[in-house]
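These numbers come from the heavy atoms of this one structure, side chains and all, not from hydrogens, waters or symmetry mates. So you know, we letter chains A, B, ... as the sequences are listed, proteins then strands, and number each from 1.
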Amino acid sequence: MPTITLPDGSKKSFDQPVTARQVAESIGPRLAQAALGCKINGELRDLSTLIAGDCSLSIVTEKTGRGGDKQPDPDALFLIRHSAAHVMAEAIQRVVPGVKLAYGPPLATGFYYDMQAPADRPISSGDFEKIEQEIAAIIKEDRPFTRYEVLADEGLAKLRAEGNKFKIDNAEIALAKDAQDAAPDADPLKSHKSLVTPGVSINYRPGCRLSFYATGAPGKNWEDLCRGPHVPSTGRIGAVKVLSLASSYWHGDENSDRLTRVYGTAFASQADMDAHLNQLEEAKKRDHRVIGRQLRLFHIDEDVGQGLILWTPAGSVLRLELMKFISQELEKQGYHQVFTPNIGKLELYKTSGHFPYYKDAQYPAITEPESLSKALAEGCSCAELTNRLEGVSARLAENINKRTGKETIESSRIMADEKLLNGYLLRPMNCPHHIKIFASAPHSYRDMPVRLAEFGTVYRWEQSGELNGMTRVRGFTQDDAHLFCTEDQVPGELLGCLSLVKVVLTTLNMKDYRVRVGLRDPDGKKYTGDPKNWDRAEDACRAAAKSLGVPFTEEPGEAAFYGPKIDFVIKDVIGREWQLGTVQVDYNLPIRFDLSYVGPDNQPHRPVMIHRAPFGSFERFCGVLIEHFAGSFPTWLSPEQVRILPISEKTDGYAQKVLAALKAVGCRATADFSGDRIQAKIKNATDWRIPYLLIVGPKDEEAGKVSIRARGIQKDLGAMGLDEFVAGIKAEIESRGASSVAARFV
RNA sequence: GCCGCUAUAGCUCAGCGGUAGAGCGCACCCUUGGUAAGGGUGAGGUCAAGGGUUCAAAUCCCUUUAGCGGCUCCA
């Protein structure tokens, strides 16, 4: 008979099997009333789950935590949203008859349901109001979520009779997964011919069951194949909102059925819902595309091209300040800055392996005019031109294969020199150029490491549907560097790189990030290089991440094709994650380019390369930065740092004097000489999110002072001597925010 | 790339078969005003581009381009 351990450690024993609800009732009626579900041995379950054996149990209610700061419980939200997905599906089937349901899981901020609408009656956002009305009606009916289980055979027969192939597929996958989990014991397995995929058999355990949830009484009310769990009844769902429509594919496979995905969200209360919707509104206002236009930070022009950023004067200030900042750090860390062109010969990228391996993600090659005319004169077809562009000379293939010790370049790609079509590639990465700088002079172990840095612009053909403002673009500038070092120097150099990223993030007050060590996927085939080198590189990354002293996760499959990496993934205000800074170890390119340095033994040795970019790219970084600060940049980054607002034309002269004093110390200051009244001048300046406003009138002029208004503080802070303010703002800018002029007023 | 939605003045948007509208911004004028919008006048649009239907198209249809929301992808 069950003995149940509660979260506080106390135990309760029962004479016979009990449901979780009964346990809750035995603890207290209020708890039972608030209960939405339970966790049995850490697993989220229905409140109606019958408990027969000993276990630990906690009751899930909508609120957790103690004291005044009550946050919605994530488990409660899971139950509510999973249940809301069912209710929304039922509502949609009422509004749009003939809809076939596919799959409807809860998400971190809501839920969705994938479904197939009849060809002649698509679901549209115009249906939302009616759907929400139906949802409200179902919630009001307060029908219980009733779970029932049937044997696999019976369940499959039932689904077959209903004729929804998505649900049959779901059931078959669930059965197959169950069999796989049970496989080690080699239970006798029963075979079932897939009803969805012809010619496929699915093995499952004979005793295996499928679960269904009826919203009400089985056989009478709406029901759905579902693993559960759910809240006790529809009345417990609280607030539901249908948010948006999107399209998706069955199993995410673009060759499979196209489905309509209906997004919604649900909360325990309308107040929580309102808070969430409000937060979405706020997030929209922070969107870098919106603020970027308001503050004229960047522009994307249809006539220039998708995903190509035009940095306007204000945005360029941001970028230049970041470049200045990183340059100073590079200096401290012993880097050499270099400049290299944005294109290079095709053969260079055949040597590095970028072409044609990643040709789908690159702008097409630029063909050499003479080479092209010659091929055209020969009457080459398009396919043949491509072939000749992608071919390699016997010499190159031999070199690469010899260096890598295997057939890295297949013999089928080898082509006679006179047939090869010469061309150039808009560079997808900066490394080959830096490698050539390293290789242009002999290196002794005494010179190592060689650290070459460049604000290098690269071009990649991102899929058009992926482009997004500044955060996903086709041309971007990395704060890139390549470190050539000895094997022994790898750990130290990795650490140096990581500390650089940390300095950047700390200075910009970006604290919400995680570190990800990207390792190769054991089954992956995309990786190049010797497995032994991979092991060494992965160990070095792991060790470096460890010594950094911040929590990190190891993620197989996240490595670059040429080596493992350490990424800094920043979380923005809306909760999205962005990969910004990255550090990657590379044993592969030094081999392909046959790099060497002379060791103490007077013999050539192979260097190891480290790729790193603390910002990632200026485009993405600035996009995230705009949202991080909501356009209110710290003074050192602000395009306009101070605006002087003369009360009237009478003090225009003094305003000019103040302006000159600020400009003399390199402060980006302007003055508003418009005919507006002071109230309007303040309003306009506020809209531009300028850190400091200096109001100057006759009183200030007489006293040689300026009246200060700081961004975010909606009042006059009082007056300060002009010289004192100039010195203060200079210190604030030069220290990158370590000191503040406004601080002495607040 | 795929699916859906969208495209009207510099910006935000209304108009949705009968010869283009508002607010903000911009220019000029009046106002000389002490802390989040003083008043007036005016300029500015071949309604994304191209094609079609119609007596008539910003409005309906098709194609293209671009944006948005997803899916897939991201060396």
Please state the C1' separation for the pair B:U41 and B:G4 - nearest whole angstrom. 46 Å

From the options B:C73, B:U32, B:A36, select the nucleotide whose nearest atom is closest to the side chain of A:Arg472. B:C73

Classify A:Arg709 by what it touches in the nucleic acid, base, sugar-phosphate, or nothing, heavy-atom distance under 4.0 Å. base

Can you pull out every side chain to side chain donor-acceptor pair (under 3.5 Å) where at least one residue sits in residues 647-656 of chain A? Sequence neighbours excluded, please. none

Is A:Tyr112 touching bases, backbone alone, or none of the nucleic acid, heavy atoms closer than 4.0 Å? nothing

Whom does B:C13 pair with, Watson-Crick or G-U wobble, provided both distances fall under 3.5 Å? B:G21

Expressed in whole Å, how much space separates the C1' atoms belonging to B:G1 and B:C60? 30 Å

Parallel, tilted or perpendicular for A:Phe484 and A:Phe438, by the 30°/60° rule? parallel

Have A:Gln362 and A:His354 got a donor and an acceptor in their side chains that come within less than 3.5 Å? no

Does the pair A:Glu129/A:Lys241 count as a salt bridge with the N-to-O cut at 4.0 Å? no

Using whole Å, what does the distance between atom P of nucleotide B:G70 and atom CG of A:Leu467 come to? 15 Å

Of the listed nucleotides (B:A75, B:A37, B:G34), which one gets closest to any side-chain atom of A:Ala680? B:A37

Report the distance from atom CG of A:Asp672 to atom C1' of B:C26, rounded to the nearest whole Å. 14 Å

Closest heavy-atom pair, A:Arg709 versus A:Lys715, reported as atoms and distance to 0.1 Å, is CG-O, 3.4 Å

Above 12 or not: heavy atoms from other molecules or residues under 6.0 Å from CZ of A:Arg296? no

On a plain distance test, is the side chain of A:Ser707 in donor-acceptor contact with the base of B:G34 below 3.5 Å? yes

Watson-Crick/G-U partner (both atom distances under 3.5 Å) of B:C71: B:G1

In whole Å, what separates the P atom of B:C68 from that of B:G33? 48 Å

Looking at A:Val392, A:Thr351, A:Leu425, A:Ile366, which one forms a side chain to side chain contact (heavy atoms under 4.5 Å, CB included) with A:Leu346? A:Leu425

Could you give the distance separating B:C24 and B:G18 at their C1' atoms, to the nearest angstrom? 31 Å

Suppose you measure atom P in B:C13 against the same atom in B:U6; what distance do you get, rounded to whole Å? 14 Å

For B:A56, the Watson-Crick or wobble partner whose two distances fall under 3.5 Å: none

I want to confirm an ordering. Mapping A:Asn684 and A:Lys565 to their closest nucleotides on RNA chain B, which one lands closer to the 5' end? A:Asn684

Base, sugar-phosphate or nothing for A:Gln679? Non-hydrogen atoms, less than 4.0 Å. sugar-phosphate

Please evaluate the base of B:G38 for a donor-acceptor partner in the side chain of A:Asp676 within a cut-off of under 3.5 Å? no

A:Arg81 charged N/C atom sitting above A:Phe111 aromatic ring, 6.0 Å / 45°: no

Between A:Gly469 and A:Gln584, the residue closer to the 5' end of RNA chain B by nearest nucleotide is A:Gly469

Classify the nucleic acid contact of A:Gly675 as base, sugar-phosphate or nothing, counting any heavy atom under 4.0 Å across all strands shown. base

What nucleotide among B:A36, B:G10, B:G33 has an atom nearest to a side-chain atom of A:Gln714? B:A36

Does B:A27 pair with anything, Watson-Crick or G-U wobble, both distances under 3.5 Å, and if so, with which nucleotide? B:U41

Applying a 4.0 Å non-hydrogen cut-off, can you work out what A:Lys681 is touching in the nucleic acid: base, sugar-phosphate, or nothing? nothing

Which of these nucleotides, B:G69, B:U65, B:A37, is closest to any side-chain atom of A:Glu302? B:U65

Given atom CZ of A:Arg293 and atom P of B:C11, what is their separation to the nearest angstrom? 7 Å

Mate of B:U46 across any strand shown (Watson-Crick or G-U wobble, both atom pairs under 3.5 Å) is none

Would you say A:Asn468 reaches B:G69's phosphate, i.e. side-chain N/O to OP1/OP2 under 4.0 Å? yes

For B:G39 and B:U32, measure between their C1' atoms and round to the nearest Å. 14 Å

Span that lies between the P atom of B:C47 and that of B:C73, in whole angstrom: 41 Å

Tell which nucleotide pairs with B:A36, taking only Watson-Crick or G-U wobble pairs whose two distances are both under 3.5 angstrom. none

Heavy-atom count check: over 12 atoms from other residues, nucleotides or ligands less than 6.0 Å from A:Tyr103 OH? no

When rounded to whole Å, the CH2 to P distance for the pair A:Trp250 and B:C71 reads 16 Å

Say you draw a straight line from CG of A:Leu645 to CG of A:Asp672; how long is it, rounded to the nearest 0.5 Å? 6.0 Å

A:Arg289 vs B:C68: side-chain N/O to OP1/OP2 distance below 4.0 Å: yes

Base B:A36 to side chain A:Arg677, donor-acceptor N/O within 3.5 Å cut-off: no

When the P atoms of B:G52 and B:G15 are compared, how many Å lie between them, rounded to an integer? 29 Å

Can you measure A:Phe298 atom CZ to B:G10 atom C1' for me and round it to whole angstrom units? 16 Å

Nearest whole angstrom, please: distance from the C1' of B:U32 to the CD of A:Glu701. 14 Å

Send over the distance from A:Arg592 CZ to B:A75 P, rounded to a whole Å. 17 Å

Reading nucleotides 1-9 of chain B from 5' to 3' and marking B where a protein heavy atom lies under 4.0 Å of the base, S where only the sugar-phosphate is that close, and - otherwise, the string is BBB------

Select base, sugar-phosphate, or nothing to describe what A:Glu558 touches, counting heavy atoms under 4.0 Å on all strands. nothing

Could you tell me the separation between the CD1 atom of A:Ile682 and the C1' atom of B:U35, rounded to a whole number of Å? 3 Å

So what does A:Tyr357 hit on the nucleic acid, given a heavy-atom distance under 4.0 Å: a base, only sugar-phosphate, or nothing? nothing

By the salt bridge (charged side-chain N to carboxylate O under 4.0 Å, His left out) test, which pairs, at least two apart or in different chains, include something from residues 468-482 of chain A? A:Glu462-A:Arg472, A:Glu466-A:Arg472

